[in-house]
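The next block holds one structure in the form of structure tokens; read it before the comments.
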Amino acid sequence: MKYLPQLIAAGMILSTSTIAQAAANNTDTAASTTHADANAALTQVQATFDKNYPALEAMYKDIHEHPELAFQEKRTAAILAKKMRALGFDVTENVGKTGVVALYRNGPGPVVLIRTDMDALPMEEKTGLPYASKVQQEVDGNTYFVDHSCGHDIHMAWWVGTAEALLAMKDRWHGTLMFVAQPAEEVISGAKAMLDDGLFTRFPKPDYGFGAHIGADTLGTISVKQGVISSASDRISVRFHGVGAHGSMPDKSIDPIMQAGHFITGVQSTISRQKDPKQFGVVSVGSIHAGSVANIIPDHADLQLTLRSFDPETRKIINDGVARTAKAAADMERAPAPEVTHVYGTGSVVNDPDLAARAATVLKGALGDSRVAFIPASEPGGSASEDYSEFVSAGMPNSVYFWIGGTPPEMIAKYKSEGKPVPVNHSPYFAPSPKGSIKAGIETLTLATLMVAGNDAQ
């Protein structure tokens with residue numbers, strides 16, 4: 001999923017002084033980590049990375065070559081659990097079906113959650129990598145190719161690498177690390193499953209939370225967004241009912257395909273005529289299945305939709321619009337009422353504004369202005385969605401979710417010279433550069449953790 005590249009391209013990169021002014025809005029929580037401290041920590045992080053990268057790369061390639069779909073991540077979860085136990089974490093498996101929770105206590109201090117996702121997507125990989133996935137898995141009776149084309153394999157590698165870095169500098173921080181490996185992000189269900197299984201009751205409730213996502217932006221760049229970073233997401237299924245008949249006798253039928261056609265075009269008036277044009281909102285029909293051959297009018301048609309929005313009011317308008325338009329389309333054809341089912345949904349990820357400003361200051365101090373983009377709350381978030389929002393809304397508001405670039409500059413230049421777009425998340429050609437991506441993720445998550453749990457944090 002991609003979040004912020006459109007804002008980065010628009011030049012929403014603010015100076016360190018501007019970010020410091022934003023952080024000054026809450027002086028009680030202003031970061032006390034100096035640039036010198038961050039630079040010293042970064043040197044130690046990079047030394048640990050250099051030592052451990054061969055094993056991290058091997059794990060990354062193994063997971064990439066053996067991806068697993070939502071709630072089927074048993075092999076993947078076992079790999080992560082074994083890695084964390086070997087580091088000395090107290091590990092609990094099968095949280096929210098296939099999730100992993102790993103705790104490491106290092107004296108009194110804040111509880112800091114670091115999250116990775118684990119699942120892959122039902123699509124065929126076309127990268128041509130020597131370790132490309134050829135895996136197929138079954139879901140609901142259908143067999144699919146499976147591909148880590150969203151980059152969760154990269155996330156898992158920097159998740160383990162961040163744990164290694166923090167344990168190599170235990171003298172620099174105090175508190176409890178809560179490393180969470182979440183299943184089923186792609187179907188917006190895994191975070192809720194873990195919370196329903198007691199993530200914040202069986203285990204310590206986090207004082208702070210951090211996560212990050214790889215994308216197609218320039219390798220090693222980090223984006224820090226205040227406020228809303230991603231859209232709310234709702235998956236809706238619609239079944240139109242009809243009466244089947246011979247294709248030459250349409251008057252003897254109630255045609256569900258006609259209902260679906262009216263609906264597909266009519267539902268867009270919810271976007272163009274019912275919501276505020278200044279507010280973000282999307283209704284997309286991603287799947288329609290009806291009938292079997294040309295000369296039979298079927299008795300039902302099934303559609304799957306994704307709805308995206310930022311604010312609760314727009315979210316309600318477009319959800320209500322889908323249901324109302326579906327009923328109207330059925331009424332036009334004198335058909336029974338359609339079945340409109342809200343399959344799942346999640347709200348927008350919202351970064352704490354002050355914590356985001358602090359994080360941008362620390363990262364810029366350590367990594368330099370050229371690598372870190374700060375995007376203020378006044379700018380819109382990205383259009384994709386992420387169920388990390390469930391953790392935030394469950395009582396973890398002191399949280400920042402980062403965006404990290406994974407495409408080498410020379411590759412971006414190559415695609416530009418060929419007049420082609422750079423492959424993004426969910427493309428079968430999406431292939432972030434592993435070493436630079438994993439290193440940037442470790443740097444970001446480790447420095448963010450030290451910012452709130454370091455010996456000099458306030």
Side-chain angles (χ1 to χ4, degrees), residues 1-3 56-83 93-100 115-161 180-194 211-216 230 233 235 286-287 304 306 343-344 346 384-388 404 406-407 423-434 437-438 441:
M1 341 182 144
K2 68 185 178 117
Y3 296 97
L56 289 174
E57 181 184 52
M59 184 189 77
Y60 156 75
K61 289 181 176 179
D62 181 26
I63 290 174
H64 183 96
E65 195 171 359
H66 301 91
E68 296 173 300
L69 294 172
F71 290 126
Q72 297 191 38
E73 313 96 335
K74 293 182 179 179
R75 180 183 185 274
T76 305
I79 290 171
L80 297 184
K82 183 178 180 180
K83 290 280 187 182
E93 298 179 71
N94 303 314
V95 180
K97 296 184 179 178
T98 50
V100 178
R115 178 268 207 168
T116 185
D117 29 24
M118 297 190 292
D119 56 326
L121 285 159
M123 60 188 295
E124 185 175 3
E125 180 171 356
K126 298 179 181 179
T127 62
L129 291 168
Y131 51 90
S133 168
K134 297 178 177 61
V135 167
Q136 297 184 49
Q137 281 189 322
E138 185 177 301
V139 180
D140 298 329
N142 299 311
T143 300
Y144 301 92
F145 282 100
V146 187
D147 178 18
H148 264 303
S149 54
C150 198
H152 296 182
D153 46 355
I154 293 281
H155 300 176
M156 287 180 267
W158 70 36
W159 185 80
V160 171
V180 173
Q182 179 207 307
E185 185 278 330
E186 295 294 354
V187 296
I188 311 294
S189 300
K192 187 176 186 303
M194 295 192 80
H213 209 296
I214 191 68
S230 72
S233 173
R235 177 175 170 179
S287 172
Q304 296 184 61
T306 185
V343 182
Y344 54 71
T346 192
S385 305
E386 173 46 271
D387 69 345
Y388 179 83
I404 295 173
T407 308
V424 298
N425 308 69
H426 292 215
S427 162
Y429 300 99
F430 182 62
S433 177
S437 300
I438 294 167

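When all heavy atoms of Phe430 and Ala216 are compared, the pair lying nearest together is CE1-N, 4.2 Å. Closest of all the heavy-atom pairs between Phe71 and Gly96 is CE2-O, 3.6 Å. The nearest pair of heavy atoms linking Ala431 to Leu129 is CB-CD1, 4.3 Å. In terms of heavy-atom proximity, Ala120 sits nearest to Pro67 at CB-CB, 3.5 Å. A pairwise comparison of heavy atoms in Ala181 and Trp159 identifies N-CZ2, 3.8 Å as the closest pair. In terms of heavy-atom proximity, Gly211 sits nearest to Tyr388 at N-OH, 3.9 Å.
When side chains are defined from C-beta on, Pro122 counts as touching Leu69, because their heavy atoms get closer than 4.5 Å. Within the 4.5 Å cutoff, side-chain heavy atoms of Glu68 are placed close to those of Gln137. In this structure, Asn425 and Cys150 have side chains that are in contact, with non-hydrogen atoms separated by less than 4.5 Å. Considering only heavy atoms from C-beta on, Ser437 stays 4.5 Å or farther from Tyr60 through its side chain. A heavy-atom distance below 4.5 Å is not found between the side chains of Ile438 and Glu57. Looking at heavy atoms from C-beta onward, Asp387 lies out of side-chain contact with Lys192 at the 4.5 angstrom threshold. Under the 4.5 Å side-chain criterion, counting only non-hydrogen atoms from C-beta, Ser427 is not in contact with Lys126.
Of the inter-residue distances, the one linking Asp147 atom CG with Lys134 atom NZ reads 11.5 Å to the nearest 0.5 angstrom. Distance check, rounded to the nearest 0.5 Å: NE2 of His66 to CZ of Arg75 gives 5.0 Å. Considering CD1 of Ile79 and CG of Asp62, their distance stands at 4.5 Å, rounded to 0.5 Å. With values rounded to the nearest 0.5 angstrom, Trp158 atom CH2 is found 4.0 Å from Ile404 atom CD1. Note that the CD1 atom of Ile154 and the OG atom of Ser433 stand 8.0 Å from one another [nearest 0.5 Å]. To the nearest 0.5 Å, atoms CD1 (Ile214) and NE2 (His152) are separated by 11.0 Å.
Remark: of the listed residues Met59, Glu65, Lys61, Met59 is the sole one forming a side chain to side chain contact (heavy atoms under 4.5 Å, CB included) with Ile63. Each of Glu73, Gln182, Glu93, Met194 was evaluated against Thr98; a single residue qualifies, Glu73, per the side chain to side chain contact (heavy atoms under 4.5 Å, CB included) test.
Glu185 and Arg115 are not joined by a salt bridge, as no carboxylate oxygen comes within less than 4.0 angstrom of a charged side-chain nitrogen.
Ring-plane geometry between His64 and His148 is classed as tilted, the angle between the planes lying from 30 to 60 degrees on a 0 to 90 degree scale.
Counting only distance, with no hydrogens or angles, the side chain of Ser133 and the backbone of Val146 share a donor-acceptor pair below 3.5 Å.
When only modelled atom types and interatomic distance are considered, Thr143 and Gln136 share no side-chain donor-acceptor pair under 3.5 Å. Side-chain contact check for Glu386 and Ser230: no donor-acceptor pair (N or O, by modelled atom type) lies under 3.5 Å.
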